[in-house]
Amino acid sequence: MIVFNKAEYDRESPNRNIIPLTAELDEQGRLEIGGCRLSHLAKRYGTPLYILDEITLRATCKAYFNALKKFYSALSLPLYASKANSSKLLTALVAEEGFGIDVVSGGELLTALAGKMPASRILLHGNNKSWQELALALDHGATIVVDNSHDLQIISELVGNRKLPVSLMLRFTPNIECHTHEYIRTGKLDSKFGFGPEQIESIFKKLLACSWARITGLHAHIGSQIFELEPHRDLVGIMADAIQLGRSMGHPIVDLNVGGGLGICYVSSDDPPSIQNWVKNIAKAVTVSCERRKLSLPRLICEPGRSVVATAGVTLYTLGSQKHIPGMPSYLSIDGGMSDNPRPITYQSIYTAFLADYPTQKVIQEVILVGKHCESGDVLLKNLYLPKSKSGDILVVFATGAYNISMSSNYNRVPRPASVIVFNGHADLIQLREQPEDLLFYDIVPPRLSSLC
Ligand SMILES: *Cc1c(COP(=O)(O)O)cnc(C)c1O
């Protein structure tokens, strides 16, 4: 089976594997990650359970960090796009690996600060930042990526009579198409994010008149789960033109932020570029584009999210009921579903899954893996082939580290799962399991109606 053939691993670029670097089979053929047997973890912490493999996470961070150092001759900074999976511990781990972080809300910003990320390495994004979010960023000295004139208006009010100039980045829409799901495409003209290419000159002009604003960087993000290298190469050319224009008008632009977007391997047919090739391609494009325009090299910033955490994460479920309908694959139900992983119902995403204690046993049945939510669309995985299975078996779904916990909900008042980190035979909780009672906490019955309950 291809995913358990270690010879097929890419140890340098974890995003090219479906399973974490530490995945092993024990003597009985049961799956372990980070030296912990998965079925043990399920018993100890319950299911559904999110698991994060520290070694895979750190190896990925090192791959980005080292590739930037190796392939780019000027300054660089990788940022972790924390919307993929935001927590205090993840912030602290990526900070230790030399990353900065990008955040898109006050909540993510508070989490980054709580995880002790230096404010100088925090970037605030968003197409509709609130007054409070912008104030929080300014107070702590995080860099704001200005998405539109609404941002500028609020910032100018917040800055008021302050003498200090505020460093800002500008986000623009480069009008680049890439082949990915339309909900995660962000670089085309019709995108809701950033200034359009036709606005860039007038924005530069307008900002020259603002004594408090210092435009130090340009940003664009073209989409997510991208397997091609060309879109970023094209992007860099367009951004180099914008840097040239901005600098010629007197803006001290030193940062070029090319966003994130590198894809990962969810199923064996996925073939994303390696982190090394992705960085090398961009670094080379920046170098060539700047040389051609006689521009000094900017600091190169990139913002990977998915490719940093997806492969390090897996989710465990317990199998429950089954339904057999003649002439079609059986339904197998798990104890979670669209509340802990909304990607299949949102983007038609597909995954790889195995029985944790029998991953290599001969498959005998095609099943449809369904969640426990009251939606026929709550299908986690179709066309899944499994060995003989029974209620109580533990199932592992791979590559769930990104956009699972961070997009989770309490639909049907299902509590969110616990999260653990594994390393060298140790497992530690990093997020408590919610309890059904917790979900009552925010309910209020007005005094006028308090006789009702
Ligand atoms: C989502 C996002 C990213 C990260 O994208 P990935 O595909 O997860 O790498 C980076 N920058 C911005 C502005 C984003 O919105």
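Read the numbers this way: they start at 1 and go in the same order the structure lists the ligands and their atoms. Fair warning: this is a prediction, and the values are worked out from it, not measured in the lab.
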Check: every ligand 1 N/O to protein N/O pair under 3.5 Å:
{"residue": "ligand 1", "atom": "7 (O)", "partner": "S224", "partner atom": "OG", "Å": "2.3"}
{"residue": "ligand 1", "atom": "7 (O)", "partner": "G261", "partner atom": "N", "Å": "3.4"}
{"residue": "ligand 1", "atom": "8 (O)", "partner": "R306", "partner atom": "N", "Å": "2.7"}
{"residue": "ligand 1", "atom": "8 (O)", "partner": "Y403", "partner atom": "OH", "Å": "2.6"}
{"residue": "ligand 1", "atom": "9 (O)", "partner": "G261", "partner atom": "N", "Å": "2.9"}
{"residue": "ligand 1", "atom": "9 (O)", "partner": "G305", "partner atom": "N", "Å": "2.8"}
{"residue": "ligand 1", "atom": "11 (N)", "partner": "E303", "partner atom": "OE1", "Å": "2.6"}
{"residue": "ligand 1", "atom": "15 (O)", "partner": "K83", "partner atom": "NZ", "Å": "2.6"}

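The six-membered or imidazole ring of F195 lies away from that of F172, with a centre-to-centre distance of 6.0 Å or more. Taking the six-membered ring for Trp and the full ring otherwise, the centers of H125 and H221 sit at least 6.0 Å from each other.
With a 6.0 Å radius and a threshold of 12 heavy atoms from other residues, nucleotides or ligands, K382 has its NZ atom at or below the threshold.
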Only pairs under 3.5 Å count here: list side-chain donor-acceptor contacts from residues 419-429, not counting sequence neighbours, and write none if there are none.
none

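Qualifying salt bridge (Lys or Arg N to Asp or Glu O under 4.0 Å) partners for D438, counting only residues two or more places apart in sequence or in other chains: none. In this structure, the salt bridge (Lys or Arg N to Asp or Glu O under 4.0 Å) partners of R58, at least two apart in sequence or on a different chain, are E54, E96, E97.
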